[in-house]
Amino acid sequence: SQQGEEDPQALSIQEGENATMNCSYKTSINNLQWYRQNSGRGLVHLILIRSNEREKHSGRLRVTLDTSKKSSSLLITASRAADTASYFCATVGASGTYKYIFGTGTRLKVLA
Amino acid sequence: GAGVSQSPSNKVTEKGKDVELRCDPISGHTALYWYRQSLGQGLEFLIYFQGNSAPDKSGLPSDRFSAERTGGSVSTLTIQRTQQEDSAVYLCASSFTGSPLHFGNGTRLTVT
């Protein structure tokens, strides 16, 4: 399977804590993106990190990328109950095509 | 409309029947993607379009699945002789080439 993998598969934390989820992928990439999916809805884009970047921030989100290990992590700081959702990473290959390969997802539950 | 629209939102069909799923992308978006998501799982790539042509059809599970896009806009995913294992949520996304994806809310297909 070309699909990337994420861990943990599920994560449950208290409101105010930080949540970290990891993504591993298999091929050389142009960029890596993180998406969020609320139950029964489509995915929403959160943040994009290019292959020549190592870290990126957006509000309470921090993404890191290690191309030598083919891995990325998403950190959500000061989590809120509204952050409860599934989070997916997606990679865009370096081959010049625009095929997005999604990871298996992390289901995050933030307890109020 | 402002977002990606998919119809129908729910479809229940009998095994062996054909179904057509429709996707209206965001106006002007050049790329269009179809994914399949089984309950609680990640996204399985099916096909993507650049304009009206499909550079990558590698994810279509069998020759019962086909897709077309006309006028660089609307796309239809057709599943012939449906099987129970086809039951899933079918997600469509569109984007400007190389930009993050905008997803619809999906069509939930149930084959009885």
Side-chain angles (χ1 to χ4, degrees), chain A residues 1-11 21-27 29-51 56 58 61 63 85-109, chain B residues 1-7 9-10 21 23-26 29-51 53-61 67 88-110:
Chain A
S1 167
Q2 299 177 55
Q3 201 168 39
E5 291 191 6
E6 294 180 58
D7 76 271
Q9 289 188 346
L11 180 61
M21 47 206 93
N22 304 294
C23 165
S24 61
Y25 57 91
K26 299 180 181 178
T27 62
I29 62 169
N30 176 286
N31 67 70
L32 184 144
Q33 302 173 29
W34 285 88
Y35 288 79
R36 164 194 169 126
Q37 183 180 36
N38 287 82
S39 180
R41 311 281 291 182
L43 283 73
V44 175
H45 176 257
L46 295 175
I47 193 166
L48 179 154
I49 186 165
R50 301 191 189 285
S51 60
K56 201 157 184 185
S58 176
L61 305 180
V63 171
S86 291
Y87 293 81
F88 295 88
C89 66
T91 54
V92 179
S95 60
T97 68
Y98 295 99
K99 177 178 174 180
Y100 287 63
I101 301 297
F102 281 81
T104 50
T106 293
R107 293 187 303 280
L108 173 66
K109 179 178 277 190
Chain B
V4 177
S5 177
Q6 291 188 246
S7 60
S9 54
N10 280 285
L21 312 180
C23 174
D24 280 275
I26 291 173
H29 276 185
T30 48
L32 186 147
Y33 298 76
W34 285 99
Y35 289 88
R36 180 167 73 174
Q37 186 176 32
S38 299
L39 187 63
Q41 301 298 309
L43 275 70
E44 177 188 3
F45 171 82
L46 298 179
I47 187 171
Y48 93 93
F49 291 90
Q50 190 64 31
S53 62
D56 195 324
K57 304 179 184 180
S58 62
L60 295 177
V89 175
Y90 289 81
L91 291 165
C92 175
S94 70
S95 73
F96 293 112
T97 302
S99 294
L101 304 185
H102 297 256
F103 280 83
N105 286 329
T107 293
R108 181 176 300 277
L109 175 66
T110 303

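In what follows, chains are A, B, ... by sequence order, proteins preceding strands, each numbered from 1.
Rounding to the nearest 0.5 Å places CD1 of A/Ile101 at 10.5 Å from CD of B/Glu44. Atom CG of B/Leu91 is separated from atom CZ of A/Arg41 by 12.0 Å, given to the nearest 0.5 angstrom.
Of the atoms belonging to A/Gln9, not a single heavy atom falls under 4.5 Å from chain B. Interface residue A/Tyr98: backbone and side-chain heavy atoms are both found under 4.5 Å from chain B. No part of B/Ser9 comes within reach of chain A, as not one of its non-hydrogen atoms sits under 4.5 angstrom from that chain.
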Criterion side chain to side chain contact (heavy atoms under 4.5 Å, CB included) on B/Leu101 and A/Tyr35, from CA distance to verdict: CA-CA 9 Å; B/Leu101 304 185; A/Tyr35 288 79; 3.6 Å; yes

Residue pair B/Tyr48, A/Tyr100: steps toward the side chain to side chain contact (heavy atoms under 4.5 Å, CB included) verdict: CA-CA 9 Å; B/Tyr48 93 93; A/Tyr100 287 63; over 6 Å; no

Stepwise side chain to side chain contact (heavy atoms under 4.5 Å, CB included) test for B/Gln37 and A/Phe102: CA-CA 11 Å; B/Gln37 186 176 32; A/Phe102 281 81; over 6 Å; no

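Heavy atoms only, all atoms of each residue included: B/Tyr33 and A/Lys99 are closest at CE2-CA, 4.4 Å. Taking each heavy atom of A/Leu48 and B/Pro100 in turn, the nearest pair found is CD1-CG, 4.2 Å.
Options B/Gly106, B/Gly98, B/Pro55 differ in how many heavy-atom pairs under 4.5 Å they form with chain A, and the most are formed by B/Gly98.
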